[in-house]
Amino acid sequence: MADDAEKPPVDTKDGRDYRETVFLPDTPFPMRAGLPQKEPQILARWAELDLYKAMRAERQRAGAPLFVLHDGPPYANGAIHIGHALQKTLKDFVVRSRFLLGYDVDFVPGWDCHGLPIEWKIEEELRSQGRRKDEVSKAEFRTRCREYAAHWIDVQREGFKRLGVIGDWENRYATMDYGSEAAIVAEFHKFVASGQLYRGSKPVMWSPVERTALADAEVEYHDHVSPTIWVKFPVTEGSDATRGASVVIWTTTPWTIPANRAISYNPDIAYSVYEVEAMEQGLEFEPWARPGDRLIVADKLAADVMAAAKVAKHRRVEAVDCQGMECEHPLANLDSHYRFAVPLLAGDHVTDDAGTGFVHTAPGHGADDYLVWLAHGHREIPDTVDPDGAYYPHVALFGGLKVLETDGKKAGKFGPANGAVMEKLIEAGRLLARGRLEHSYPHSWRSKAPVIFRNTPQWFIRMDEPVDTKELGGRTLREAALEAIEATTFYPAGGKNRIRSMVESRPDWLISRQRAWGAPLAMFVDKETGQPLHDPEVDKRIVDAIRAEGADAWFNRPVTDFLGSHDPDRYEKVEDILDVWFDSGSTHAFTLENRAHTRWPADLYLEGSDQHRGWFQSSLLESSGTRGRAPYDAILTHGFTMDENGEKMSKSKGNVVDPEQVIKDNGAEIIRLWAAMIDYSDDSRIGKTVLQTTSDAYRKLRNTVRYMLGALSDYTADEAVELEQMPPLERYVLHRLWELDAQVRDAYARYAFQDVIRPVLEFCQDDLSALFFDIRKDSLYCDRPDDLGRRAARTVMDAVFERLTAWLSPLIPFTTEEAWTTRYPDAHSNCLRVIPTTPADWRNDAEAERWAKVKAVIAHVTGELEVKRREKAIGSALDAEVGVSLADAADLAAFEGLDPAEVFRTSAAAVALAGDMSAAVHVLDHAKCERCWRRLPEVGPPKFLCERCDNAVEAWDAKRANGAHGKASA
RNA sequence: GGGCCUGUAGCUCAGUUGGUUAGAGCACACGCCUGAUAAGCGUGAGGUCGGCAGUUCGAGUCUGCCUGGGCCCA
């Protein structure tokens with residue numbers, strides 16, 4: 001350490017500096033880690049070793065059992081965020097801890113590549129280059145999407161690797177790989193072949209801006225201002241009371257009026273005819289209602305409706321029974337196309353919370369509308385709006401008008417349809433009132449544009465049809481999936497309820513999308529029957545072509561390449577693409593099957609808790625439909641990462657914690673330690689304070705390891721002491737190792753990383769730093785190297801080091817690797833180790849009991865020493881001698897075989913049985929031993945050293961004289 | 001609005017089947033050491049266990065309601 005120039009002046013009484021004879025800790029392992037710089041060096045070393053492959057090879061040689069963690073694919077779009085970091089870190093804990101427990105672990109990271117978000121980005125790019133979407137060929141468009149996804153795979157992969165995440169990065173999977181696309185299509189064919197697929201026609205969420213149907217998961221709700229209209233439907237059939245009256249409906253979607261076919265009411269709601277008596281005065285416009293008008297509304301809402309219509313005075317005429325009533329369409333008097341009966345239909349979905357108590361029903365534009373329409377025996381669903389959200393030409397009065405703008409800056413804003421409908425309603429004399437309303441409205445998660453309900457033909461997978469395959473055995477998909485859920489272990493257990501209730505109630509799986517970037521529903525449909533073509537030969541040609549050329553083959557090749565002898569004129573080629581959830585639901589098929597050294601099903605899927613509706617479920621359905629069970633045995637979920645105050649991170653709030661920045665400032669190891677310390681099953685917080693706390697915990701661990709490295713600098717196995725020769729303290733520490741060994745194994749087996757790090761941290765603090773190291777410091781520094789006690793202490797320290805570096809290696813692999821290679825520069829990587837076995841005879845309940853008692857006495861003694869210290873009577877505890885009285889004979893017995901002075905770290909001490917527990921502190925006036933600083937009676941002129949040190953120095957001098965380079969303080 | 005989950009010291013977490021003055025580590029204050037030194041040891045302060053109401057001899061722990069937060073859905 002210090003060279004001669006820096007050596008402090010010798011001021012000992014006999015003129016010798018004994019410092020050089022003291023065995024101080026000696027290690028190049030720095031106190032300050034410099035993680036941001038050191039981690040890349042360690043990563044480089046791992047890369048050189050091809051660590052993951054080496055780990056697998058070593059386990060496979062040993063015939064280790066296989067453990068499969070199947071990676072849920074992040075979307076290849078954008079840089080990684082703290083949520084990714086947490087998730088991949090947790091996965092790495094699983095991978096490394098299973099290796100540690102002796103498994104051969106298969107982990108193939110993957111990416112989700114298809115789908116709307118990437119298409120959207122590419123469309124944006126095109127727009128910014130001034131190119132229109134339809135100027136670009138589908139092939140070019142798909143190529144650009146592919147390049148875009150490939151770019152982000154690279155970026156994210158480097159980010160994940162920087163966190164220390166190990167896995168088969170070279171053979172990562174991607175849903176856009178040709179082999180993956182072929183496998184996805186092959187999975188799709190299984191659904192077709194087993195009759196689980198059908199073409200349905202029902203209103204789905206449709207985004208005109210993106211020209212596609214959206215799944216529920218692709219829709220988000222935002223506040224949105226809509227026009228609201230109150231519309232009169234003149235009664236044509238009804239009781240006498242209703243003659244000349246109009247049913248009033250209220251809607252926020254005027255554009256659906258042309259598609260109106262019915263009015264829904266609720267039989268439990270009271271309705272009446274109301275007569276308008278007087279209008280408000282001084283209005284700035286001519287009101288649409290007049291005195292004498294008769295309106296039918298729910299009683300509870302009558303006042304609201306009248307207020308909206310600017311009616312100053314009205315009276316209730318009489319109650320109305322809506323059953324069997326019919327009205328005419330409000331546009332009937334403008335165009336004959338609207339001259340049809342509009343029946344009133346009873347429906348539960350109608351409430352009297354708002355509106356008029358009647359619901360305008362357009363079966364092609366709402367789920368409730370559709371269901372109530374079907375429930376009353378109607379089959380024909382009017383198609384009024386085309387894929388661009390414009391009225392079809394056949395729609396009278398409005399043909400060609402757009403509901404939403406789909407191009408340019410106005411994309412997502414309302415088009416002319418609403419206005420035109422309102423104008424015509426006014427012209428027809430059927431508009432009662434209008435206004436504006438801000439409400440929660442569905443929007444596309446990607447374009448943020450509003451969506452509409454639109455009746456479209458789509459492909460669905462049935463949930464409730466018995467399937468007669470050998471995998472399903474006559475069960476429905478829902479039944480098979482629910483059974484699979486029961487057979488799955490959930491961490492935490494609550495996940496089972498959550499996914500079960502979702503699967504119980506979910507609708508059929510809508511899998512078709514009218515988009516370009518994805519795996520196709522590669523099949524032919526008989527134009528006559530509408531049924532998909534079943535021909536294994538055709539399917540094989542399709543899958544082979546996609547495996548060779550990617551999904552583009554389906555779009556680019558002539559149909560005759562696939563159809564073979566089938567008549568091309570008879571079949572329609574389906575060009576829809578699959579829901580991206582179908583892709584991700586199929587990852588098990590192309591990652592866990594037909595690969596070496598893996599297994600289907602996976603032992604574990606690990607994702608955020610939002611994936612109960614996402615990947616866990618898509619995988620469950622896909623696998624249940626094709627294989628009759630889930631592709632996993634267990635599911636582990638983690639919560640979300642919030643900012644320091646428990647609030648959601650967002651760019652606008654400026655509270656985003658960027659993992660890259662944390663790595664730069666603190667190191668990936670700090671993110672890992674944070675992930676290890678939190679209760680990941682719940683939402684967790686990260687921010688400045690949390691990172692500071694984590695860094696402090698890290699320092700504690702690091703210094704513990706560093707101290708051991710220093711104390712063990714010249715230790716070899718030759719020095720080891722047998723258990724029988726160990727002093728009580730050493731036996732106690734070994735007992736703690738025995739205890740922790742079981743805890744650590746159990747915690748890793750349960751993925752309870754907190755239950756590894758917390759007990760280990762407490763062990764480092766309470767048992768090592770404050771007890772073992774502090775007590776043994778004297779022996780380590782001052783005893784002769786061949787002293788049995790010193791050797792025992794180092795033997796135990798060696799055992800502690802072996803275990804700490806193993807136990808913590810899954811969590812903080814950089815630091816454990818650094819420690820390991822510091823001690824064993826030529827050894828293989830620490831990561832390759834299997835958790836050290838712990839001899840059963842280390843268990844020592846008697847020592848555990850003893851030290852619990854001794855610790856209590858120590859606490860009492862330090863309390864008394866603290867009193868003297870405050871009185872300035874002593875400084876160091878070595879200035880004192882304590883006489884301890886113990887009330888309990890058992891406490892006294894606990895000191896049997898112990899040197900109380902050693903335990904209390906004083907120069908002298910005695911324990912005795914007497915009265916209450918107390919400790920008397922005497923200030924010693926003996927001279928200090930110049931070497932070990934203890935105040936002992938034997939020290940004093942002419943002797944400046946205690947006997948122990950005298951002897952130790954003699955041995956040290958002799959060794960030096962013999963030319964042996966005894967390594968004390970360097 | 002519905003389903004599921006969640007709220008213990010500044011931070012991260014323990015608190016077994018309800019049972020004495022609610023614990024730990026870190027941070028903080030103060031002190032010791034100066035041979036782990038941007039380290040180590042000790043002492044101390046800090047909590048109406050989200051709130052209210054019940055059950056009970058006794059509730060952080062059980063029940064109900066309310067409230068904050070989250071995920072999913074509408």
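Labels below follow one simple rule: chain letters A, B, ... track the order of the sequence lines, proteins then strands, and each chain is numbered from 1.
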(request) Identify whether any heavy atom of A:R931 sits under 4.0 Å from a base atom; if not, whether one sits that close to sugar-phosphate; answer base, sugar-phosphate or nothing. (result) base
(message) Expressed as a whole number of angstroms, how long is the span from A:M649:CE to B:rG69:C1'?
(response) 15 Å
(request) Check every atom of B:rU12, B:rG70, B:rC72 against the side chain of A:M677 and return the nucleotide holding the closest atom. (result) B:rU12
(request) Measure from the side chain of A:D682, starting at C-beta and using heavy atoms only, and say which of B:rG35, B:rU6, B:rC13 lies closest. (result) B:rU6
(request) Go through the N and O atoms of the side chain of A:R32 and the base of B:rA38, and report whether any donor-acceptor pair is under 3.5 Å. (result) yes
(message) Nearest whole Å is fine: how far is B:rA14 P from A:F753 CZ?
(response) 15 Å
(message) Whether A:S769 contacts B:rC41 is assessed here as follows: a side-chain N or O lying under 4.0 Å from the phosphate OP1 or OP2. Is that the case?
(response) yes
(request) Pick the P atom in B:rU63 and in B:rG70, then give their distance to the nearest Å. (result) 25 Å
(message) Does any part of the side chain of A:V884, heavy atoms only, come nearer than 4.5 Å to the side chain of A:V861, both counted from C-beta?
(response) yes
(message) Among B:rU6, B:rU12, B:rG40, which nucleotide has an atom closest to any side-chain atom of A:R685?
(response) B:rU12
(message) Please report the distance separating the C1' of B:rG69 from the corresponding atom of B:rA14, rounded so that it comes out in whole Å.
(response) 22 Å
(message) Can you measure A:D774 atom CG to B:rC41 atom P for me and round it to whole angstrom units?
(response) 7 Å
(request) Indicate whether A:W933 forms a stack on B:rG35; treat it as stacked only if centroid distance is below 5.5 angstrom and interplanar angle below 30 degrees. (result) yes
(request) Provide, to the nearest angstrom, the distance between the CD1 atom belonging to A:I499 and the C1' atom belonging to B:rC73. (result) 14 Å
(message) By nearest atom, which of the nucleotides B:rG70, B:rG35, B:rC71 is closest to the A:D683 side chain?
(response) B:rG70
(message) Using OP1 and OP2 only, check whether a side-chain N or O of A:S501 sits under 4.0 Å from B:rC4.
(response) no
(request) Examine the side chains of A:T27 and A:S713 and answer whether a donor and an acceptor come within less than 3.5 Å of each other. (result) no
(request) Tell me whether the OP1 or OP2 atom of B:rA14 has a side-chain N or O from A:Q754 closer than 4.0 Å. (result) yes
(message) Just to verify, which of A:T906, A:D879, A:V923 counts as forming a side-chain contact (heavy atoms from CB on, under 4.5 Å) with A:R935?
(response) A:D879
(request) Flag this pair as yes if the NZ/CZ of A:R736 is under 6.0 angstrom from the six-membered ring centre of A:F763 and inside a 45 degree cone about the axis; otherwise no. (result) no
(message) Distance check, rounded to the nearest 0.5 Å: A:S501 atom OG versus A:K496 atom NZ?
(response) 13.5 Å
(request) Give A:Y707 one of three labels, base, sugar-phosphate or nothing, depending on what nucleic acid heavy atoms sit under 4.0 Å from its own. (result) base
(request) Can you sort out the partners of A:W615 under ring-ring contact (aromatic ring centres under 6.0 Å, His included), two or more places apart, ordered by chain and number? (result) A:H70, A:Y605
(message) Quick one, A:V503 and A:L620 - any side-chain contact, counting heavy atoms below 4.5 Å?
(response) yes
(message) For the residue pair A:R702 and A:Y707, would you count it as a cation-pi contact if the rule is NZ or CZ under 6.0 angstrom from the ring centre and within 45 degrees of the ring axis?
(response) no
(request) Indicate for each nucleotide in nucleotides 20-32 of chain B, in 5' to 3' sequence, whether protein heavy atoms under 4.0 Å reach the base (B), only the sugar-phosphate (S), or nothing (-). (result) ----SSSS---SS
(message) Side chain of A:K777 only, heavy atoms from C-beta on: which candidate in B:rC13, B:rC41, B:rA36 is closest?
(response) B:rA36
(request) Select base, sugar-phosphate, or nothing to describe what A:R905 touches, counting heavy atoms under 4.0 Å on all strands. (result) nothing
(message) Output the rounded distance in Å from OH (A:Y698) to C1' (B:rC11).
(response) 20 Å
(request) Let me know, please, whether A:S609 or A:I686 comes out on the 5' side of the other along RNA chain B by nearest nucleotide. (result) A:I686
(request) Determine the contact category for A:N497: base if any of its heavy atoms lies under 4.0 Å from a base atom, sugar-phosphate if only primed atoms, P, OP1 or OP2 are that close, otherwise nothing. (result) nothing
(request) Determine the Euclidean distance between corresponding P atoms of B:rG60 and B:rU55; express it in Å to zero decimal places. (result) 16 Å
(request) May I have the distance from A:I678 (atom CD1) to B:rG70 (atom P), rounded to whole angstrom? (result) 17 Å
(message) I'd like to know whether the aromatic ring centres of A:F93 and A:F753 sit less than 6.0 Å apart in this structure.
(response) yes
(request) Among the candidates B:rA36, B:rC4, B:rG35, find the nucleotide nearest to the side-chain atoms of A:L24. (result) B:rG35
(message) I want to confirm an ordering. Mapping A:D610 and A:C782 to their closest nucleotides on RNA chain B, which one lands closer to the 5' end?
(response) A:C782
(message) Just to be sure I understand the rule, does A:E644 reach a base, reach only the sugar-phosphate, or reach nothing, if contact means heavy atoms closer than 4.0 Å?
(response) nothing
(message) When the P atoms of B:rG50 and B:rU6 are compared, how many Å lie between them, rounded to an integer?
(response) 13 Å
(request) Using atom NZ of A:K648 as one end and atom P of B:rU6 as the other, report the distance to the nearest whole Å. (result) 19 Å
(request) Between B:rG35 and B:rU16, how far apart are the P atoms? Round to whole Å, please. (result) 46 Å
(message) With rounding to the nearest 0.5 angstrom, report the NE2 to NE2 distance, A:H84 to A:H81.
(response) 3.5 Å
(request) Calculate the interatomic distance between A:I775 atom CD1 and B:rG42 atom P; express it in whole Å. (result) 11 Å
(message) Wobble G-U and Watson-Crick pairs count when both distances are under 3.5 Å; given that, what is the 5' to 3' dot-bracket string of RNA chain B, with | for pairing to other strands?
(response) (((((((..((((.....[...)))).(((((.......))))).....(((((..]....)))))))))))).
(request) For the residue pair A:Q617 and A:H612, confirm or rule out a side-chain donor-acceptor distance under 3.5 Å. (result) no
(request) Take A:R500 and A:N497 through the test side chain to side chain donor-acceptor pair (under 3.5 Å) and record every step on the way to the result. (result) CA-CA 5 Å; A:R500 191 202 293 118; A:N497 288 334; 3.0 Å; yes
